[in-house]
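Only heavy atoms go into these numbers, but all of them, side chains included; no hydrogens, no water, no symmetry mates. So that the names make sense, note that chain A is the first sequence line, chain B the second, and so on, each numbered from 1.
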2 protein chains.
Amino acid sequence: MIEARERKDSISEEVSLGGLETTVGFLLRLAQVAVFKDLLAALKPFDLRVTDLSVLLVIEATPGLQQRVIGEVLRVQRSNLVTIIDQLEARGLVRRGPVPGDRRAYALSLTVAGEALLQKAKAAHAQHDRKVLDALGKVDKAQMLAALERIAAL
Amino acid sequence: MIEARERKDSISEEVSLGGLETTVGFLLRLAQVAVFKDLLAALKPFDLRVTDLSVLLVIEATPGLQQRVIGEVLRVQRSNLVTIIDQLEARGLVRRGPVPGDRRAYALSLTVAGEALLQKAKAAHAQHDRKVLDALGKVDKAQMLAALERIAAL
DNA sequence: TGAGATAGTTAGCACTCATAACAAAATGCG
DNA sequence: CGCATTTTGTTATGAGTGCTAACTATCTCA
């Protein structure tokens, strides 16, 4: 498992990125990839992907939600949500209940097992989030969130 | 093109994201997606993807680079770089020259056409980058970059 | 010289994201 | 009411990206 980093030079130091290294977009990608990788690893014990956790969190916060709404707030295409909910339902974590007055839609809620798993996953998520917050350094969290929100609304 | 946002409520306001909305990771993803979408659109006239521009920038900054090195600094698998360079070379933007003393490797450099296209693409990129920087608001760019770097190194 | 490492390549798999088309049900307007 | 339109969930499918394994040619070095 010896890394091949000591070739003839340590590269990252010597090679210019042509201005990329001072670009918000480029580092934004690296940061996002790292965060997702870290969170995915943290959720591994629960066999949950990042989106799975997001879905569970949203359902917990507002039970009875329809798939369409979850897709909107999480920016997931509703067609792609089908498989996600399918799997969560097959694992007995989420229930597709009836929506009174609309037989097309499902009212999503957590099962007892889903609630239990979510609690454990939330602990892992909190630990992960702490690492991210620590990395913020001087940057104020609220200002960072505001900035990211504005960027997201480009 | 009338958005279907006025259903019975404007959702994003009413539905809780279960804490996700105050999470750096979640907004990081939204921001990154938005930035890439915006940059991709800005590069559309030049038929370049984001990675293509990155590759051209790196080659311009340090001509004679090998594919392996580019892959390392840009975090692109060297197997995936093959196709990218193939296309750039087929379009006459990049040249695979010989590396003196190593017949396995290629010394990459920009052609005149590549240099010309890059200049135009750089202008578009600068305009895009300005939008991103404007969105930073109070947050200092240098501090933002430093924070993103630390997050990327999680 | 010969074993092992390295550069580039090829092929294939997996995951995410997006679109189109569809059935069933709801909505709304004449 | 009746019928066109919209909406929800679903299915199928394609584009894009990323990762791994295996292979050839070449280089390195003991």
Visitor: Rounded to whole angstrom units, what separation is found between the CD atom of A:Q67 and the C1' atom of D:dT7?
Guide: 13 Å
Visitor: Does any part of the side chain of A:L48, heavy atoms only, come nearer than 4.5 Å to the side chain of A:R91, both counted from C-beta?
Guide: yes
Visitor: Measuring from A:L110:CG to A:L88:CG, what's the distance to the nearest 0.5 Å?
Guide: 9.0 Å
Visitor: Heavy-atom distance under 4.5 Å between the side chains of A:L53 and A:L57, does that happen here?
Guide: yes
Visitor: Looking at A:R96 and A:L108, would you say the former's side chain and the latter's main chain have a donor-acceptor pair under 3.5 Å?
Guide: no
Visitor: Compare side-chain N and O positions of A:R103 against OP1 and OP2 of C:dT27 and report whether any pair is under 4.0 Å apart.
Guide: no
Visitor: Has B:D52 got a side-chain atom pairing as donor or acceptor with B:R49's backbone, closer than 3.5 angstrom?
Guide: yes
Visitor: Round to the nearest Å and state the distance from A:I85 atom CD1 to D:dT10 atom P.
Guide: 9 Å
Visitor: Find the distance A:D102:CG to C:dA23:C1' and express it as a whole number of Å.
Guide: 14 Å
Visitor: Taking CG from B:L74 and C1' from D:dG18, how many angstroms apart are they, rounded to a whole number?
Guide: 14 Å
Visitor: Which nucleotides of nucleotides 17-22 of chain C have their base under 4.0 Å from a protein heavy atom (B), which only their sugar-phosphate (S), and which neither (-), written as one string 5' to 3'?
Guide: BBBB--
Visitor: In whole angstrom, give the distance that lies between atom CZ of B:R96 and atom C1' of C:dG8.
Guide: 8 Å
Visitor: Under 3.5 Å, side-chain donor or acceptor atoms of residues 122-129 of chain A against the rest of the protein: list the pairs with distances, not counting sequence neighbours.
Guide:
{"residue": "A:K122", "atom": "NZ", "partner": "A:E60", "partner atom": "OE1", "Å": "3.0"}
{"residue": "A:K122", "atom": "NZ", "partner": "A:E60", "partner atom": "OE2", "Å": "3.3"}
{"residue": "A:H128", "atom": "ND1", "partner": "A:D38", "partner atom": "OD2", "Å": "2.6"}

Visitor: Considering only heavy atoms, which members of residues 42-49 of chain B lie under 4.0 Å from some atom of DNA chain D?
Guide: B:R49
Visitor: Counting only side-chain nitrogens and oxygens, does B:Q66 get under 4.0 Å of the OP1 or OP2 atom of C:dT6?
Guide: no
Visitor: Taking C-beta and beyond as the side chain, do B:V33 and A:R75 meet within less than 4.5 Å on heavy atoms?
Guide: no
Visitor: Which side-chain hydrogen bond (donor to acceptor under 3.5 Å, both in side chains) pairs, counting each pair once, include a residue from residues 97-107 of chain A, with sequence neighbours left out?
Guide: A:D102-A:R104
Visitor: Throw together a table of side-chain donor-acceptor distances under 3.5 angstrom for residues 147-154 of chain A, partners on residues two or more places apart or in other chains.
Guide:
{"residue": "A:R150", "atom": "NE", "partner": "B:A135", "partner atom": "O", "Å": "2.7"}
{"residue": "A:R150", "atom": "NH2", "partner": "B:A135", "partner atom": "O", "Å": "3.4"}
{"residue": "A:R150", "atom": "NH2", "partner": "B:L136", "partner atom": "O", "Å": "3.0"}

Visitor: Expressed in angstrom and rounded to an integer, what is the separation of A:I84 atom CD1 from D:dT11 atom C1'?
Guide: 15 Å
Visitor: Rounded to whole Å, how long is the line connecting atom OH of A:Y106 with atom C1' of D:dT8?
Guide: 10 Å
Visitor: Sugar-phosphate atoms are those with a prime plus P, OP1 and OP2; base atoms are the rest. Using that split, label each nucleotide of nucleotides 1-6 of chain D B, S or - for protein heavy atoms under 4.0 Å, 5' to 3'.
Guide: ------
Visitor: With side chains defined as the heavy atoms from C-beta onward, is the minimum distance between B:T51 and B:V76 less than 4.5 Å?
Guide: yes
Visitor: Which whole-number value in Å describes the distance from A:D86 CG to D:dT11 P?
Guide: 7 Å
Visitor: Using a cut-off of less than 4.0 Å, is there contact between a side-chain N or O of A:R68 and OP1 or OP2 of D:dG9?
Guide: no
Visitor: Is the shortest heavy-atom distance from the side chain of B:V69 to the side chain of B:V58 under 4.5 Å?
Guide: no
